[in-house]
A.B. asks: 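Attaching a single structure in structure tokens format; questions to follow.
Chain A is the first sequence line, chain B the second, and so forth, proteins listed ahead of strands; every chain is numbered from 1.
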Protein chains: 2
Amino acid sequence: MANQISLDDTFAALADPTRRAILARLLDGEASVAELAQPFALTVRAISKHVGVLEQAGLVTRSRAAQKHLSRIELKPLRDIDRWLDGYRKLWEGRFDRMEDLLRRGADKPE
Amino acid sequence: MANQISLDDTFAALADPTRRAILARLLDGEASVAELAQPFALTVRAISKHVGVLEQAGLVTRSRAAQKHLSRIELKPLRDIDRWLDGYRKLWEGRFDRMEDLLRRGADKPE
DNA sequence: TAGTTCTGGAACTATTTGGTTCTATAAAAG
DNA sequence: CTTTTATAGAACCAAATAGTTCCAGAACTA
């Protein structure tokens with residue numbers, strides 16, 4: 001039972017553009033802190049802290065290879081957000097002619 | 001051009017359980033601040049501020065009917081998050097036998 | 001062994017956040 | 001006109017956040 005990550009932590013981690021950019025970078029494969037820091041006008045330490053936040057949120061795991069600690073993206077928290085969105089997605093996906101009313105008046109929602 | 005909402009603001013707004021609960025409540029229809037505050041052990045003012053944050057993030061709009069200001073959920077920022085997730089969704093939706101390698105080694109991603 | 005590289009810990013700072021209380025204002029109800 | 005109701009503004013506070021700099025340790029390299 002390694003994970004018990006809250007949506008709170010995941011959303012908070014994603015609320016920073018630097019961290020989202022780091023995640024996007026990790027789509028191209030594992031990277032060290034120094035490598036991740038390269039595109040940014042921030043200290044390596046600052047990036048190290050960002051990676052720490054991502055790790056706390058379960059969005060990244062690390063494995064040390066020599067003195068390089070390689071970060072790797074983890075998808076589960078993103079899937080959790082996706083599932084949270086399910087509760088709302090039907091409201092914009094369906095072509096409900098009365099959707100306006102549904103949201104305003106709170107009529108019985110479509111099944 | 002009313003909206004220019006950032007993912008930053010949206011994710012940050014969603015990083016609070018009270019605010020997510022307010023959003024869920026609004027699926028049942030518009031509500032006043034006082035109504036929204038009812039389930040919580042917080043002051044009405046605190047809920048009013050939460051609604052303000054949601055409004056800043058474009059997740060809620062308000063219309064005042066009499067002295068009650070009715071809050072209503074807005075879906076666009078959620079759709080924006082959904083589209084942001086698109087960049088990652090393919091990685092957990094597809095059954096890529098080499099997905100492990102893709103994330104670790106950063107091999108050429110599937111089309 | 002000595003030097004270099006990569007990273008995290010510690011301490012500090014400025015800003016933001018989530019909450020409170022008290023006050024002011026606008027509108028409805030008496 | 002007075003009172004009640006619903007909300008936001010202002011001031012305040014404690015805790016969290018994002019950044020910095022400096023230092024220490026672990027592991028390669030010469």
Side-chain angles (χ1 to χ4, degrees), chain A residues 5-26 29-73 77 104 106, chain B residues 5-26 29-73 77 104 106:
Chain A
I5 308 290
S6 66
L7 279 180
D8 286 37
D9 290 338
T10 307
F11 277 124
L14 295 175
D16 184 286
T18 303
R19 287 194 292 261
R20 289 199 305 278
I22 290 173
L23 265 199
R25 166 57 239 276
L26 291 177
E30 290 184 331
S32 69
V33 171
E35 287 164 354
L36 291 173
Q38 204 210 317
F40 300 101
L42 291 175
T43 60
V44 173
R45 188 70 186 91
I47 299 300
S48 163
K49 285 189 171 187
H50 277 305
V51 175
V53 172
L54 290 169
E55 197 176 22
Q56 276 292 119
L59 286 158
V60 152
T61 51
R62 286 155 125 162
S63 61
R64 59 189 309 164
Q67 73 275 60
K68 297 196 175 191
H69 304 193
L70 293 184
S71 296
R72 174 178 171 179
I73 188 174
R104 187 167 52 246
Chain B
I5 308 290
S6 65
L7 279 181
D8 286 37
D9 290 338
T10 307
F11 277 124
L14 294 175
D16 184 286
T18 302
R19 289 195 290 262
R20 289 198 305 278
I22 289 174
L23 264 200
R25 167 56 239 276
L26 290 177
E30 290 184 331
S32 68
V33 170
E35 286 164 354
L36 291 173
Q38 205 210 317
F40 300 100
L42 291 175
T43 60
V44 172
R45 188 71 185 93
I47 299 301
S48 163
K49 285 189 171 187
H50 278 303
V51 175
V53 172
L54 290 169
E55 197 176 21
Q56 276 292 121
L59 286 159
V60 152
T61 52
R62 285 155 125 162
S63 63
R64 59 189 309 165
Q67 74 274 62
K68 296 198 176 189
H69 305 195
L70 293 184
S71 296
R72 174 177 170 178
I73 189 175
R104 186 168 53 246

A.B. asks: With A:Gln56, which residues qualify under side chain to side chain donor-acceptor pair (under 3.5 Å), at least two apart?
C.D. replies: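 Result, side chain to side chain donor-acceptor pair (under 3.5 Å) vs A:Gln56: none returned.
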A.B. asks: List the residues meeting side chain to side chain donor-acceptor pair (under 3.5 Å) with A:Ser63, not counting sequence neighbours, and say none if there are none.
C.D. replies: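 Per chain and number, A:Ser63 pairs via side chain to side chain donor-acceptor pair (under 3.5 Å) with no residue.
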A.B. asks: Just do the side-chain contact (heavy atoms from CB on, under 4.5 Å) check on A:Leu42 and A:Lys49 with the steps written out, would you?
C.D. replies: CA-CA 11 Å; A:Leu42 291 175; A:Lys49 285 189 171 187; over 6 Å; no
A.B. asks: Report the distance from atom CD1 of B:Ile22 to atom P of C:dG18, rounded to the nearest whole Å.
C.D. replies: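 Rounding to the nearest Å, CD1 of B:Ile22 and P of C:dG18 are 11 Å apart.
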A.B. asks: C:dG18 P sits how many Å from B:Arg20 CZ, rounded?
C.D. replies: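 It works out to 12 Å between those atoms.
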A.B. asks: Examine distances only and state if a side-chain atom of B:Arg62 and a backbone atom of B:His69 form a donor-acceptor pair shorter than 3.5 Å.
C.D. replies: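 Not at all, since once roles are kept as given, no pair shorter than 3.5 Å links the two residues.
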A.B. asks: List for me each residue that meets side chain to side chain donor-acceptor pair (under 3.5 Å) alongside B:Thr43, sequence neighbours excluded, and say none if there are none.
C.D. replies: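 Side chain to side chain donor-acceptor pair (under 3.5 Å) check on B:Thr43 returns nothing, list empty.
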A.B. asks: Rounded to whole angstrom units, what separation is found between the CG atom of A:Leu14 and the P atom of D:dA18?
C.D. replies: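 A:Leu14 atom CG is separated from D:dA18 atom P by 12 Å.
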A.B. asks: Between C1' on C:dC6 and CD on A:Glu30, what's the gap in Å once rounded to a whole number?
C.D. replies: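 Atom CD in A:Glu30 sits about 16 Å away from atom C1' in C:dC6.
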A.B. asks: Considering only D:dA18, D:dA8, D:dT20, which nucleotide approaches the side chain of A:Asp16 most closely?
C.D. replies: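 Comparing D:dA18, D:dA8, D:dT20 against the side chain of A:Asp16, the answer is D:dA18.
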A.B. asks: Scan residues 32-42 of chain B against DNA chain C and write down, sorted by residue number, each residue with any heavy atom closer than 4.0 Å; if none is found, say none.
C.D. replies: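 Close to the strand are B:Leu42.
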A.B. asks: Check the phosphate of D:dA6 against B:His69, side-chain N and O only, distance under 4.0 Å to OP1 or OP2. Yes or no?
C.D. replies: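 For D:dA6, OP1/OP2 do not have a side-chain N/O of B:His69 under 4.0 Å.
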A.B. asks: To the nearest angstrom, how far is A:Asp9 atom CG from D:dT17 atom C1'?
C.D. replies: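 To the nearest whole Å, that distance equals 13 Å.
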A.B. asks: Check the distance between C:dT7's P and A:Leu70's CG and give it to me in whole angstrom.
C.D. replies: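 Distance check: A:Leu70 CG to C:dT7 P gives 8 Å.
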A.B. asks: Please report the shortest heavy-atom distance between B:Ala15 and A:Ala12, naming the atom on each side.
C.D. replies: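 Taking B:Ala15 first and A:Ala12 second, the nearest heavy atoms are CB-N, 3.5 Å.
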A.B. asks: Can you tell me if the side-chain N/O atoms of A:Arg62 get under 4.0 Å from OP1 or OP2 in C:dC6?
C.D. replies: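 A:Arg62 to C:dC6 OP1/OP2: no side-chain N or O under 4.0 Å.
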A.B. asks: Heavy atoms within less than 4.0 Å of DNA chain C: which residues of residues 44-54 of chain A have one? Give them sorted by number.
C.D. replies: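 Contacts with DNA chain C under 4.0 Å: A:Arg45, A:Ser48, A:Lys49.
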A.B. asks: Can you check side-chain contact (heavy atoms from CB on, under 4.5 Å) on A:Val60 and A:Leu23, steps first, answer last?
C.D. replies: CA-CA 8 Å; A:Val60 152; A:Leu23 265 199; 4.2 Å; yes
A.B. asks: Could you tell me which residues satisfy salt bridge (charged side-chain N to carboxylate O under 4.0 Å, His left out) with B:Arg25, sequence neighbours excluded, listed by chain and number?
C.D. replies: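 With sequence neighbours excluded, B:Arg25 shows a salt bridge (charged side-chain N to carboxylate O under 4.0 Å, His left out) to no residue whatsoever.
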A.B. asks: Mind listing the closest non-hydrogen atom pair of A:Phe40 and A:Ile47 along with its distance?
C.D. replies: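 Heavy atoms of A:Phe40 and A:Ile47 come nearest at CD1-CD1, 3.7 Å.
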A.B. asks: Take atom CD of B:Glu55 and atom P of D:dG9, then tell me their distance rounded to the nearest Å.
C.D. replies: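 Spelled out: CD on B:Glu55 to P on D:dG9 is 10 Å.
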A.B. asks: Using whole Å, what does the distance between atom P of nucleotide C:dG8 and atom CD of A:Gln56 come to?
C.D. replies: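 So the two atoms are 13 Å apart, to the nearest Å.
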